[in-house]
Each structure stands twice: as C-alpha cells, then as structure tokens.
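In what follows, every heavy atom counts, from backbone to side chain, and hydrogens, waters and symmetry copies are set aside. Every chain is numbered from 1, with letters handed out A, B, ... down the list of sequences.
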Number of protein chains: 2
Amino acid sequence: MSRRSGILEFAVLGLLRESPMHGYELRKRLNTSLGVFRAFSYGTLYPCLKTLVANGWLIEEPGSAPEDALAASLAGRRAKIVYRLTAEGKEHFEELLSHTGPDTWEDEHFAARFAFFGQTEREVRMRVLEGRRSRLEERLEKMRASLARTRERLDDYTLELQRHGMESVEREVRWLNELIESERAGRDQRRSDPGGPARDDITSGETDGLPRHRDDTGPDPSDDTVK
Amino acid sequence: MSRRSGILEFAVLGLLRESPMHGYELRKRLNTSLGVFRAFSYGTLYPCLKTLVANGWLIEEPGSAPEDALAASLAGRRAKIVYRLTAEGKEHFEELLSHTGPDTWEDEHFAARFAFFGQTEREVRMRVLEGRRSRLEERLEKMRASLARTRERLDDYTLELQRHGMESVEREVRWLNELIESERAGRDQRRSDPGGPARDDITSGETDGLPRHRDDTGPDPSDDTVK
DNA sequence: AATTTCATGTAATTCGTTACATGATTCC
DNA sequence: GGAATCATGTAACGAATTACATGAAATT
C-alpha cells in the first residue's frame with residue numbers, strides 16, 4: 001500500500017490518466033497546466049513514481065514519447081522513461097476520485113480535487129464543493145470570534161492583516177456559492193463511466209455548468225514553473 | 001547560531017517583545033491574535049523555545065504570569081515557565097526586523113513580517129511591501145503566459161481554477177497598492193527606537209497610514225485555534 | 001565547441017506533525 | 001470527584017526540499 005503524499009500521488013495518476021508522460025514533463029504540468037497547486041521537486045516526484053510503479057499502478061515504458069515518434073524509430077533510445085497508467089492504476093484513481101471526506105476540503109487537497117473535476121461525477125463534485133464551503137465558513141466564524149475578542153488589543157497592521165485574510169476567505173466562499181449554483185443548474189452529469197479510454201479530445205463547449213467570467217489573455221509564451 | 005525555522009523563531013521573538021509569556025499562551029497568540037499565519041504544534045514550539053534560550057535570546061522564568069499575581073504569591077508554584085526576551089534577544093529581533101530580502105516576500109514569511117509592521121521602520125515596510133508586490137506581479141506574468149500557451153488544451157474546471165487563482169493574486173496586488181500608497185502618504189515614521197521597553201500601551205488612534213475599511217464585527221467570544 | 005535545456009536519480013537535511021506521556025488547575 | 005482545559009515535554013515519523021551527481025539532446 002505505502003502511504004505516499006496523497007496529493008502528489010493523486011495528481012500524478014490524474015495526469016497520467018490523460019496520457020502517458022515521463023517525469024520531467026509531468027512535473028511541468030504539475031506547476032503550470034494544472035494551475036498552481038504547488039511545485040514538487042524532482043527529489044519528491046521521482047521516488048513517488050517509483051512507489052506508484054511498485055504498487056502496480058504505473059508501468060515504465062522505455063523512451064519514445066508521443067512527440068518523439070520520428071526520433072524514436074531510430075536505434076538506441078534509452079533513459080527517458082515514460083510512465084503509463086495500468087488498469088489497476090485507473091481503478092485506484094477512480095476510487096480516489098469518488099472519495100469525499102474531511103481531508104478533501106483542506107486547502108491543497110481541494111485544489112487538486114478541483115483540478116480533476118472534469119473527470120469527477122457531479123454528485124461527488126457537489127459534496128466536495130459543499131464540504132469546502134462549510135469548512136471555510138467554520139474558519140470564518142473562528143476568525144470573527146477571535147477578532148471580536150482581541151480587536152482592541154491589536155495594532156492597526158495586525159488588524160489589517162486579519163481583515164484582508166477574512167476578506168479572502170469570504171471571497172472564496174462567494175466563488176464556491178457560484179460554483180455550487182452552477183452545478184445545481186447544470187442538471188446533466190457527464191462522465192459516470194470509470195475506466196474509459198484516456199480522453200476523447202476535449203476542447204468541447206459547455207461543461208456541466210460553470211459560471212461565465214470575463215476572458216482576457218494576450219498571447220505571450222515564455223517560461224514554466226509558475227512558483 | 002542554530003538554523004531554526006525562521007518564521008516561528010521570528011514570530012516568537014516578536015510576541016515576546018511585547019510581553020513575556022509561557023509556551024501555551026504563545027501558541028494561542030500564534031494562531032489567533034497574530035492573524036492566521038499558521039498553527040504550530042507544541043512539538044514544534046517547545047523545542048524552538050529551548051533553542052532560543054540556548055541562543056541567549058530568551059530566559060526562562062518560573063511561574064507567576066502577570067495575571068497570576070495573586071495565586072503566585074502563594075507557596076509552591078512550579079511548571080508554567082514564562083519566557084522573557086533578553087537584551088540580546090531584543091537586539092536579534094531588531095536585526096531580523098530590519099532585514100529585507102527575497103525570502104521576505106514569500107507567502108508565509110510575508111505574513112509574519114506584516115504582522116509586526118507596527119514595530120518595523122517605515123523604510124523597511126516599504127521595501128517589504130514593494131518586494132512582495134513585484135514578486136506577485138512576476139507570478140502573475142508567469143501564470144498569464146502559461147495560460148496563454150495552454151488554454152485550449154485545458155478543460156473548463158482547470159481553467160476556472162486558474163482564473164480564480166489569478167484573480168486572488170491580482171486582488172492581493174491591489175491590496176498592496178493601497179498599502180504602499182498609504183505608507184507614502186503617512187509621512188511620519190514611528191518607532192525608530194530599537195530596544196525600547198515592551199510596549200507603551202497601544203490602543204492609540206492613527207498608525208502611520210493604513211487605508212480605512214468598513215468595520216463590522218459583532219461580539220462573540222468562543223474558542224481558539226483558527227485553523 | 002559550448003551552453004542551455006532536457007532528463008533522471010540519490011543522500012542528507014529541514015521543517016513540522018502525531019502520538020505518546022505526564023501532571024496541574026478549573027469548572028461543574 | 002470527574003471532565004475539560006491548561007501546561008510541558010519527547011520520540012517516531014512524514015513530507016518535501018536542497019545539494020549533489022550524472023549524462024544526453026538541442027541550440028547558438
């Protein structure tokens with residue numbers, strides 16, 4: 001079994017479910033594509049991959065990543081290990097995907113879970129979103145209480161820090177409210193088919209029901225590693 | 001010297017600068033009063049206090065916390081160690097307070113620094129705020145770039161996650177802008193006197209210059225430990 | 001030819017938590 | 001007198017980073 005990181009394991013399985021990859025690329029996707037939910041170092045990633053293999057959830061395949069097709073056809077390819085999800089791995093990931101629980105709504109866990117909502121069933125999405133929300137509301141209450149008790153003893157900067165902190169949390173609650181409402185509105189559930197093939201070409205239009213937001217992004221390719 | 005946590009060490013020294021305390025209370029203040037910048041466990045706090053003592057920055061005093069005055073006057077008081085900042089400790093903290101550098105604007109470090117802005121010189125506050133801001137702007141640029149590169153490959157949830165993440169960062173930048181402007185406006189600098197006595201009763205009115213925000217908090221005392 | 005980026009790994013170290021162990025004090 | 005909370009500590013463990021070590025491929 002092996003109690004590996006949880007969030008890293010989850011994210012790796014989720015990314016590999018979409019398509020096989022080698023470690024280096026995996027790490028980049030962890031930072032960038034899969035928005036922001038921390039950068040893991042190679043010293044963490046590679047050993048993690050090893051244990052996932054040991055668990056039978058991944059297999060290592062030598063060389064020839066998809067893009068490499070031409071180059072790979074030539075003789076001696078070595079190093080560059082591509083990891084592919086096994087059937088058991090897929091199954092295990094589905095299990096993780098359907099699991100909801102208190103840990104699920106903790107900060108980092110939540111981000112990871114949300115990032116894979118595209119493969120998560122509507123019901124589960126709901127539970128996670130609502131769990132997260134009540135988690136934050138609970139947090140807010142504590143903050144308010146503590147603020148009420150201590151406000152006069154605190155200097156202005158400390159107060160300002162708390163105010164900003166609380167506002168951030170309140171903002172996330174509003175965000176969750178929007179999301180939950182959208183979920184409720186989008187009355188179709190997609191993806192109740194565990195173990196299907198990798199991904200049937202995304203880029204489609206409407207996903208269940210996300211709130212629409214303004215869109216502004218100029219082209220500007222540059223480096224990786226957001227952090 | 002001993003390379004202890006940095007942020008915990010800093011926060012402990014800062015809190016003890018205001019008044020002596022014992023470990024248990026210290027921890028509560030770390031969670032609540034000093035808004036939100038994580039809860040350290042006793043398993044972290046107590047050993048840390050030990051090394052601070054070993055460094056000569058704190059001294060342990062037996063019993064009789066300020067509130068205990070009556071009870072303490074009675075005979076056998078034991079346990080309940082009150083920690084007091086030494087002169088060297090004060091000096092060391094002033095040093096830490098005046099230090100600015102890349103680490104200073106990292107997420108958790110920044111919160112800790114900000115929490116003690118009340119004791120920080122205006123110039124230093126400025127550098128820290130501006131450093132933080134450019135740190136975030138840099139982060140934003142990376143996010144925008146990566147988003148521009150990958151947007152069509154990402155599903156709606158991932159996109160939404162990134163959007164929300166970016167908005168959070170943008171929001172903090174605006175906050176910092178306000179703060180920086182206020183600092184610039186508030187042309188007096190308080191506290192350029194390192195090593196003064198504990199605290200000359202706060203509760204005063206205007207601090208340098210913080211932006212004024214709406215104020216709403218009902219009374220509601222309850223538990224501790226925000227997290 | 002040299003530098004940068006890709007690519008994989010290991011060992012030591014840091015930071016922090018959990019679980020455990022203990023006991024006093026306060027509240028009901 | 002029993003429970004909750006205050007109070008202090010230690011040992012084992014966990015998660016992840018840094019520094020190190022190595023080398024191939026692409027770019028200039």
**Message:** Under 4.0 Å from OP1 or OP2 of D:dC6: is there any side-chain N or O of B:Tyr24 that close?
**Reply:** yes
**Message:** Using ring centroids (six-membered ring only for Trp), state whether B:Phe10 and B:Trp57 fall under 6.0 Å.
**Reply:** no
**Item:** Nearest-Å distance for atom pair NZ/C1', residues A:Lys28 and C:dT8
**Value:** 15 Å
**Message:** Using whole Å, what does the distance between atom C1' of nucleotide D:dT8 and atom OH of B:Tyr83 come to?
**Reply:** 8 Å
**Item:** Rounded distance in Å - CG (B:Leu45) to C1' (D:dT8)
**Value:** 10 Å
**Prompt:** How many Å lie between CG on B:Leu49 and P on D:dA7, as a whole number?
**Reply:** 14 Å
**Request:** Give the rounded distance in Å between these two atoms: CZ of B:Phe40 and C1' of C:dT18.
**Result:** 16 Å
**Request:** Could you check how far CD of B:Glu108 sits from P of C:dC15, rounded to whole Å?
**Result:** 12 Å
**Item:** Under-4.0 Å side-chain N/O to phosphate OP1/OP2 contact, B:Ser41 with C:dT17
**Value:** yes
**Prompt:** In whole angstrom, what separates A:Glu9's CD from D:dA15's P?
**Reply:** 10 Å
**Prompt:** So, B:Arg113 and B:Asp103, do they make that salt bridge, N to O below 4.0 Å?
**Reply:** no
**Message:** Please confirm whether the shortest side-chain N or O distance from A:Tyr46 to OP1 or OP2 of C:dT8 is below 4.0 Å.
**Reply:** yes
**Complete:** Whole-Å distance, B:Glu25 CD to D:dT5 P, equals 17 Å
**Message:** Strictly below 4.0 Å, N to O, side chains only: are A:Arg163 and A:Asp156 in salt-bridge contact?
**Reply:** no
**Message:** Of the options D:dA7, C:dG9, D:dT10, whose atoms approach the side-chain atoms of B:Lys80 most closely?
**Reply:** D:dA7
**Item:** B:Glu106 with B:Arg135: basic N within carboxylate O range, under 4.0 Å
**Value:** yes
**Item:** Listed nucleotide nearest any side-chain atom of A:Ile81, set C:dT8, D:dT17, C:dT10
**Value:** C:dT8
**Prompt:** Considering only C:dG9, D:dA7, D:dA16, which nucleotide approaches the side chain of B:His22 most closely?
**Reply:** D:dA7
**Prompt:** In terms of heavy-atom contacts, does CD of B:Glu123 have more than 12 from other residues, nucleotides or ligands at under 6.0 Å?
**Reply:** no
**Request:** Check every strand shown and say whether A:Gly23 touches a base, only sugar-phosphate, or nothing at a heavy-atom separation below 4.0 Å.
**Result:** sugar-phosphate
